[in-house]
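Below you'll find the structure, written out as structure tokens, and then a few comments.
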Amino acid sequence: MTTFPDGFLWGAATASYQIEGAVHADGRVPSIWDTFSHTPGKVRLGHTGDVACDHYHRYVEDVETMSWLGLQAYRFSVAWPRLADLGFYDRLVDALLDKGIAPVATLYHWDLPQSLQDKGGWTDRDTAYRFADYATRVHDLLGDRVRTWTTLNEPWVSAFVGHGSGRHAPGVSDPAAAFTAAHHLMLAHGLGVQALRAAGAESISLTLNLTPILGDPGPARLVDGLANRIFLDPVLRGAYPDDVLEHLSRYTEVNLDDLATIAEPIDVLGVNYYTVNRVVADPAAEGSPEHPGTQGIAWAQPHGALTEMGWEVIPSGLEDLLVRLSQDYPGVPLMITENGVAVPDGVADPERIAYLDGHVRAVHAAIGKGVDLRGYFVWSLLDNFEWARGYDKRFGLVRVDYDTLERTPRDSARWYRDVIARNGLPA
């Protein structure tokens with residue numbers, strides 16, 4: 001038996017635009033993802049978040065499913081475009097608590113109000129201050145019941161996929177904009193931490209998607225800086241790494257006085273892990289627009305088994321990542337806030353069970369090496385709108401029929417239910 005420490009937290013995660021639907025309900029205003037998904041050629045044809053899983057109207061059923069799973073915590077995101085009426089989250093939190101499930105609220109999972117984007121979005125410094133105001137408003141409503149808060153989810157994606165390659169909303173392709181957005185997102189995080197602390201929040205976190213970079217040492221160091229250290233060091237050390245600062249300075253200027261705010265202490269670092277990247281030196285390579293300035297670096301083919309997303313299945317990457325974080329940034333408790341896999345549709349999903357089993361074992365091994373890891377959240381509770389890929393990629397423990405919206409727990413849901421019940425895995 002592979003047993004986890006007492007108090008280890010087992011949960012599942014979702015995001016507002018990916019599951020809620022009800023995009024016109026109760027005064028909700030358009031987000032950048034509403035605009036992006038309705039722009040021809042941006043998202044899988046005809047796929048939008050207008051209805052998604054209709055979680056907005058079916059949350060009671062979904063909370064019942066969470067209770068059946070035995071979830072101890074549920075990580076959801078609040079939709080900033082719903083700021084005029086946050087009653088849905090009031091009802092959701094009460095429903096979770098009625099079932100003994102701890103609500104874990106993420107304030108920003110990519111659905112910026114379009115009105116702020118029209119003023120510059122994350123390239124406009126003022127958006128960071130608007131985020132702090134928003135954080136205060138949400139805490140005023142939910143802070144008496146929500147104990148754990150996450151400021152941002154995956155700012156790398158918001159900055160470099162949204163503003164570098166333009167594959168995600170708002171669809172900008174400009175290296176300077178990408179680096180500027182990254183800095184302002186971190187400033188928003190710091191200001192959000194200050195606002196939540198002032199309001200009395202108990203536990204505050206930031207969630208980063210962190211990707212081990214393997215391959216030739218020089219290219220790997222550069223890409224690691226642009227994928228990982230560009231966020232880790234300012235938040236946890238109060239400074240950009242020298243090599244990263246030199247690199248981004250070729251594209252834009254950032255206010256280094258902001259670093260004191262960006263480095264406001266957090267209680268937990270959320271880690272989203274899916275795979276690794278492999279890079280090699282190649283003078284003819286054009287580099288990646290999501291890693292500006294990587295001309296001469298090629299992304300190598302992944303090894304071994306691949307997921308439906310084309311990502312390499314490598315649980316050891318998660319163990320190595322957690323050990324690295326505990327060594328490079330000691331004293332910061334960690335939480336796996338997303339880990340999961342897209343596999344072919346069906347209720348029987350042995351590939352997902354194998355993926356999760358391998359990664360949960362990697363988590364256990366990391367704890368055995370002294371990593372202070374507090375919990376694990378599967379991505380995702382439900383099949384959902386997988387951003388630019390639409391509804392074709394299914395990550396859910398629970399299958400969603402997009403014609404009828406019927407929910408059906410998969411075999412992996414039953415597997416995870418057993419893991420939670422025993423707080424561990426069979427030997």
Side-chain angles (χ1 to χ4, degrees), residues 1-13 69 71-73 75 154 205 207-215 220 224 227-228 232 268-278 302-330 332-343 349-381 395-397 410-427:
M1 183 73 175
T2 300
T3 303
F4 281 76
D6 291 343
F8 191 82
L9 192 66
W10 298 99
L69 274 166
L71 294 188
Q72 297 161 355
R75 178 178 177 248
E154 299 188 355
S205 67
T207 283
L208 302 178
N209 59 305
L210 299 172
T211 306
I213 310 299
L214 310 179
D224 179 71
N228 300 317
L232 286 166
V268 179
L269 176 67
V271 176
N272 291 357
Y273 173 86
Y274 292 94
T275 190
V276 303
N277 281 338
R278 299 179 183 273
H303 295 182
L306 304 182
T307 73
E308 284 278 285
M309 300 288 282
W311 298 339
E312 180 176 337
V313 178
I314 179 167
S316 62
L318 176 55
E319 179 183 346
D320 293 343
L321 172 63
L322 294 173
V323 171
R324 170 195 171 180
L325 292 172
S326 70
Q327 292 174 346
D328 290 357
Y329 307 94
V332 181
L334 305 176
M335 182 82 70
I336 301 298
T337 39
E338 289 183 24
N339 177 235
V341 62
V343 301
D349 55 347
E351 302 97 333
R352 179 174 288 109
I353 293 173
Y355 178 97
L356 294 175
D357 183 274
H359 286 77
V360 170
R361 291 182 190 279
V363 164
H364 188 270
I367 293 172
K369 293 181 177 179
V371 175
D372 183 4
L373 185 69
R374 304 292 178 85
Y376 176 91
F377 287 72
V378 171
W379 183 270
S380 175
L381 175 70
F395 279 85
L397 295 171
R410 291 191 164 100
D411 290 352
S412 59
R414 291 174 171 80
W415 173 89
Y416 193 48
R417 182 187 185 193
D418 290 343
V419 170
I420 297 171
R422 63 168 64 101
N423 193 33
L425 295 162

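Note that this is a predicted model, so its numbers are computed, not measured. Computed over heavy atoms, backbone and side chain alike; hydrogens, waters and symmetry mates excluded.
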Dump the intermediate steps for side chain to side chain contact (heavy atoms under 4.5 Å, CB included) on L232 and D328, then the final yes or no.
CA-CA 10 Å; L232 286 166; D328 290 357; over 6 Å; no
Do D349 and W415 come within less than 4.5 Å of each other through their side chains, counting heavy atoms only?
no
Shortest non-hydrogen separation from L425 to V419 and the atoms involved
CD2-CG2, 3.5 Å
Rounded to the nearest 0.5 Å, what separation is found between the CZ atom of R75 and the OG atom of S205?
7.5 Å
Taking all non-hydrogen atoms of both residues into account, name the closest pair between V268 and M335 and its distance.
CG1-CB, 3.6 Å
Does some side-chain heavy atom of Y376 sit less than 4.5 Å from a side-chain heavy atom of L9?
no
Could you tell me the separation between the CG atom of L69 and the CG atom of L381, rounded to the nearest 0.5 Å?
6.5 Å
Salt bridge check, R361 against D357: does any charged N sit closer than 4.0 Å to a carboxylate O?
yes
Would you find a donor on one side and an acceptor on the other, under 3.5 Å apart, between the side chain of D411 and the backbone of P350?
no
Between G317 and P212, which heavy-atom pair has the shortest distance, and what is it?
O-CG, 3.7 Å
Test item: side-chain donor near acceptor, T337 and N272, under 3.5 Å:
yes
Measure the acute angle between the ring planes of F8 and F4, then classify it against the limits of 30° and 60° as parallel, tilted or perpendicular.
tilted
Would a distance-only check, ignoring hydrogens and angles, find a side-chain to backbone donor-acceptor pair under 3.5 Å from H364 to T3?
yes
Should V323 and L325 be marked as a side chain to side chain contact (heavy atoms under 4.5 Å, CB included) after you check the CA-CA gap, both sets of side-chain angles, and the distance that decides it?
CA-CA 5 Å; V323 171; L325 292 172; over 6 Å; no
Do you know which two heavy atoms are closest between L397 and S412, and how far apart they sit?
CD2-OG, 3.6 Å
Any heavy-atom pair between the side chains of W379 and V341 that's under 4.5 Å?
no
Spacing of CG belonging to L373 relative to CG belonging to L334, to within rounding of 0.5 Å:
6.0 Å
Counting only N and O atoms by type, is there a donor-acceptor contact under 3.5 Å from the side chain of R410 to the main-chain atoms of G396?
yes
Evaluate I336 against V363 for side chain to side chain contact (heavy atoms under 4.5 Å, CB included), listing each step before the verdict.
CA-CA 9 Å; I336 301 298; V363 164; 4.2 Å; yes
Is the shortest heavy-atom distance from the side chain of L208 to the side chain of E154 under 4.5 Å?
no
Any chance you could measure E308, atom CD, to R352, atom CZ, to the nearest 0.5 Å?
9.5 Å
Nearest heavy atoms of G358 and P315, plus distance in Å
O-CB, 3.5 Å
Taking all non-hydrogen atoms of both residues, which atom of N423 and which atom of P5 are closest, and how far apart?
ND2-O, 3.5 Å
Would you call Y274 and I314 a side-chain contact if the rule is heavy atoms closer than 4.5 Å?
no
State whether E312 and R278 are salt-bridged, where the test is any N-O pair (Lys NZ or Arg NE/NH1/NH2 against Asp/Glu carboxylate O) under 4.0 Å.
yes
Residues in side-chain hydrogen bond (donor to acceptor under 3.5 Å, both in side chains) with W311, at least two apart?
none
If you define the side chain from C-beta out and look only at heavy atoms, does anything of L322 sit under 4.5 Å from Y273?
no
In this structure, OG of S326 is separated from CG of L321 (nearest 0.5 Å) by 9.5 Å
Side-chain contact test, heavy atoms from C-beta onward, threshold under 4.5 Å: evaluate it for F395 versus V378 and give yes or no.
no
Say whether, by atom type as modelled, one donor and one acceptor occur between the side chain of E319 and the main chain of A365 under 3.5 angstrom.
no
Checking salt bridge (charged side-chain N to carboxylate O under 4.0 Å, His left out) for the pair D320/K369: CA distance, chi angles, key distance, verdict?
CA-CA 10 Å; D320 293 343; K369 293 181 177 179; 5.3 Å; no
Do the non-hydrogen side-chain atoms of E338 and F377 ever get within less than 4.5 Å of each other?
no
Return the CG to CG distance between L356 and N339, rounded to the nearest 0.5 Å.
6.5 Å
